[in-house]
Asks: 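Okay, handing you the structure first.
Computed from heavy atoms alone, side chains included, the values below leave out hydrogens, waters and symmetry copies. Just so we're clear, the structure is a prediction, and the values are computed from it rather than from any experiment.
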Amino acid sequence: MRERKKTVSELLRRYLLYTLGIILMACGIAVLIKAEMGVAPMVTMPYTIWLIADVFTVGAWIGLFNFAGLMGQLIIRRGRVKKQAMIMQIITALALGIFTDMALNSLAGFNPISHSSRAVTCFVSSVLMASSLYCCVISSVALLPIDSLLRLLGAIYHKKFSTMRWISDIILSLFSAVLGLVFLGNLGGVREGTIIVAVFTGVILKLLMKYLRWFTYILLPENRVDDISSVIDDDINEKHFVLTVSHEYGSGGHSIARRIAHELNLPYYDSDIIQMAAEDSEFAYKYLEEHGDKVTSNALYSLYEWYTSAYDKDEELTQEQVYKIEAQVIQEIAAKDSCVIVGRLANYVLQNHKNSLHIFITADELDRTKRVMRKEKIDHQQAVEQIKKHAKLRTEHCRKFSDAQYGIGASYDITIKSSKYGVDRTAAILLQLIKEFRLIQF
């Protein structure tokens with residue numbers, strides 16, 4: 001896969017966004033502490049230790065707790081932690097501790113008394129924590145040392161980060177409760193607020209990641225480029241010739257592509273076939289096995305799914321993931337044999353395939369309308385509406401999943417108007433151009 005070099009401007013925006021995330025996290029921790037309903041699982045240990053040994057501030061104990069996470073990484077990696085990553089984690093741990101103390105000082109006069117006001121405060125903390133995690137996730141520049149340790153352990157034991165986070169939160173909460181019972185005679189930082197924040201933070205984060213994707217792309221348009229380019233493989237086998245055909249609805253593109261495939265004796269794949277192949281492919285099975293919805297009647301497991309689903313960005317089979325599966329199938333098809341592929345942005349997916357030719361077939365609106373009327377057996381108005389509907393869907397699909405423009409000549413090698421030549425003549429012209437291209441290539 002191609003690795004994109006980040007600009008200074010992009011890095012600055014990412015670090016500013018990550019800093020905002022740390023500040024919001026510190027505010028969320030401080031607000032929850034003031035609610036006196038327990039603290040979030042990730043800080044139950046340092047908070048309980050602070051209650052037991054009021055030697056340092058809460059923020060200082062949080063910083064020390066995260067330094068322990070960094071030490072754990074150094075031990076596991078035998079000191080082989082990248083210097084830049086280590087510095088970033090140290091800065092992050094210090095910043096979270098300092099901002100937490102600052103937030104607590106600023107809230108010195110805030111003391112919710114009634115249970116309802118504490119519950120509202122607990123919910124506000126969940127919103128702040130979810131917003132902080134949203135900023136940290138989309139910035140993709142650093143992690144808290146504890147989270148980095150969990151990712152490392154997940155890689156060692158082949159577990160997802162969300163699973164490691166779930167296990168860690170349970171262990172930390174239980175151990176903190178035991179410490180509280182032994183030294184304080186109560187559960188310390190573990191109370192009903194711990195569970196409330198743990199659950200609602202995950203739920204709110206999941207909603208933010210789902211419904212604020214557009215806002216993510218405004219803040220960091222480079223994330224859209226990364227999401228798109230992640231399906232483009234620079235190492236596709238170029239031994240086979242691949243013809244991709246994109247077309248306007250009603251232009252006769254399918255008929256023309258089939259004739260070309262027949263004349264060249266090449267396998268023909270249209271969008272329906274690719275979708276079916278994606279459903280049946282080993283790649284899709286593996287993906288769905290790892291990330292698909294799990295059916296279970298176990299209430300505890302349901303809570304786990306609810307809580308952890310936001311922490312892995314690829315947890316749901318979203319439109320983006322479906323597109324990636326289809327892109328993988330297109331690459332597998334191109335690697336297997338010479339072929340003709342219609343639709344599904346194959347021209348974009350195979351843009352780096354030098355032994356490929358990308359064609360776009362258009363036609364006058366009147367000609368397309370007549371063809372749709374004949375094919376679908378509908379009246380003129382219905383045909384016009386169908387054409388507009390398909391044009392909108394294809395334009396949006398192209399804009400969402402590629403940096404190409406649907407129907408614009410620069411996105412294709414050849415653009416041709418079938419209404420000017422007719423289906424047969426258009427196919428013949430394209431066949432001649434394809435033969436010339438293959439002679440040039442070889």
Asks: With the side chain counted from C-beta on, respond yes when L243 and L266 share a heavy-atom pair under 4.5 Å apart, and no when they do not.
Replies: no
Asks: Looking only at atom types and distance, does a side-chain atom of S106 sit under 3.5 Å from a main-chain N or O of A103, one as donor and one as acceptor?
Replies: yes
Asks: Do you know the tightest heavy-atom contact between A35 and T121?
Replies: CB-CG2, 3.7 Å
Asks: How long is the gap from CG on L150 to CE on M42, to the nearest 0.5 Å?
Replies: 10.0 Å
Asks: Sort and list the pairs that fulfil side chain to side chain donor-acceptor pair (under 3.5 Å) and have at least one residue in residues 20-32, not counting sequence neighbours.
Replies: none
Asks: Contact between I256 and V245 at the side-chain level, heavy atoms closer than 4.5 Å - yes or no?
Replies: no
Asks: For residues 34-53, pull every pair meeting side chain to side chain donor-acceptor pair (under 3.5 Å), keeping only residues two or more places apart or in separate chains.
Replies: K34-N111, E36-R118, T44-S176, W50-D54
Asks: Donor-acceptor pair, distance only, cut-off 3.5 Å: does the side chain of D270 make one with the backbone of V342?
Replies: no
Asks: Please name the pair of heavy atoms, one in S126 and one in V197, separated by the smallest distance, quoted to 0.1 Å.
Replies: OG-CA, 3.5 Å
Asks: Give the intermediate values and the outcome of salt bridge (Lys or Arg N to Asp or Glu O under 4.0 Å) for residues K389 and E385.
Replies: CA-CA 6 Å; K389 176 185 175 182; E385 290 175 358; over 6 Å; no
Asks: Taking only residues two or more places apart in sequence, or in another chain, which ones meet Y249 in a ring pair (Phe, Tyr, Trp, His ring centres under 6.0 Å)?
Replies: H390
Asks: Test: salt bridge (Lys or Arg N to Asp or Glu O under 4.0 Å). Region: residues 60-70. Which pairs qualify, not counting sequence neighbours?
Replies: none
Asks: Once ring pair (Phe, Tyr, Trp, His ring centres under 6.0 Å) is applied, do any residues pair with Y412, and if so which ones, sequence neighbours excluded?
Replies: F360
Asks: Please report the closest heavy-atom contact between G72 and L149, naming both atoms and the distance.
Replies: C-CD1, 3.9 Å
Asks: Are T92 and I22 packed together at the side-chain level, in the sense that at least one heavy-atom pair is separated by less than 4.5 angstrom?
Replies: yes
Asks: To the nearest 0.5 Å, what is the distance between CZ on F200 and OG on S125?
Replies: 12.5 Å
Asks: Test your reading of the model: is there a side-chain donor-acceptor pair from Q73 to the backbone of P145, 3.5 Å cut-off?
Replies: yes
Asks: What is the distance from atom CG of N347 to atom CG of L357, rounded to the nearest 0.5 Å?
Replies: 11.0 Å
Asks: Quick one: closest heavy-atom pair of I204 and A130, and the distance?
Replies: CG2-CB, 3.5 Å
Asks: Whether the side chain of S251 engages the backbone of E248 through a donor-acceptor N/O pair (distance < 3.5 Å, no angle test) should be reported.
Replies: yes
Asks: Kindly indicate whether the side chain of L94, heavy atoms from C-beta on, has any atom under 4.5 Å from the side chain of F67.
Replies: yes
Asks: State the CZ-CG distance between F215 and L208, to the nearest 0.5 angstrom.
Replies: 10.5 Å
Asks: Do you see a donor-acceptor pair shorter than 3.5 Å between the side chains of Q382 and E376?
Replies: no
Asks: Are the side chains of L17 and V141 in contact, using a 4.5 Å heavy-atom criterion?
Replies: no
Asks: Of all residues at least two apart in sequence or in a different chain, which pass the side-chain hydrogen bond (donor to acceptor under 3.5 Å, both in side chains) check with T19?
Replies: none
Asks: Considering non-hydrogen atoms only, spot the tightest contact between L96 and A26 and give its length.
Replies: CD1-N, 3.9 Å
Asks: Got a sec, which residues hit side chain to side chain contact (heavy atoms under 4.5 Å, CB included) with C339, two or more places apart in sequence or on another chain?
Replies: V242, P267, Y269, I333, I341
Asks: Is there side-chain contact between L32 and C122, with heavy atoms separated by less than 4.5 Å?
Replies: yes
Asks: Hey, are the side chains of V340 and T244 touching, using non-hydrogen atoms and a 4.5 Å cut-off?
Replies: no
Asks: Mind checking salt bridge (Lys or Arg N to Asp or Glu O under 4.0 Å) for D147 and listing every partner two or more places apart, or none if nothing turns up?
Replies: R165
Asks: Any side-chain heavy-atom pair from L144 and M25 closer than 4.5 angstrom?
Replies: yes
Asks: Enumerate the residue pairs fulfilling side chain to side chain donor-acceptor pair (under 3.5 Å) with a member in residues 61-70, sequence neighbours excluded, ordered by first and then second residue.
Replies: none
Asks: Suppose we screen for side-chain hydrogen bond (donor to acceptor under 3.5 Å, both in side chains). Which residues come up paired with Y134, at least two apart in sequence or across chains?
Replies: T216
Asks: Ignoring hydrogens and angles, tell me if any N or O in the side chain of S338 forms a donor-acceptor pair with the backbone of F241 under 3.5 Å.
Replies: yes
Asks: Nearest 0.5 Å, please: how far is CE in M164 from CD1 in I156?
Replies: 9.0 Å
Asks: Under a 3.5 Å cutoff, is there a donor and acceptor pairing between the side chains of S114 and S116?
Replies: yes
Asks: Output the distance between atom OG1 (T415) and atom NE2 (H247), rounded to the nearest 0.5 Å.
Replies: 14.0 Å
Asks: For S139, does its backbone N or O pair with a side-chain atom of R14 as donor and acceptor, under 3.5 Å?
Replies: yes
Asks: Using only atom types and a distance under 3.5 Å, with no angle test, would you say the side chain of R13 pairs donor to acceptor with the backbone of L219?
Replies: yes
Asks: Restricting to ring pair (Phe, Tyr, Trp, His ring centres under 6.0 Å), what partner residues turn up for H358, sequence neighbours left out?
Replies: none
Asks: Under the side chain to side chain donor-acceptor pair (under 3.5 Å) definition, can you give me all pairs with a residue in residues 182-199, not counting sequence neighbours?
Replies: none
Asks: Work out which heavy atom in S132 is nearest to a heavy atom in G21; give both atom names and the distance.
Replies: CB-O, 2.9 Å
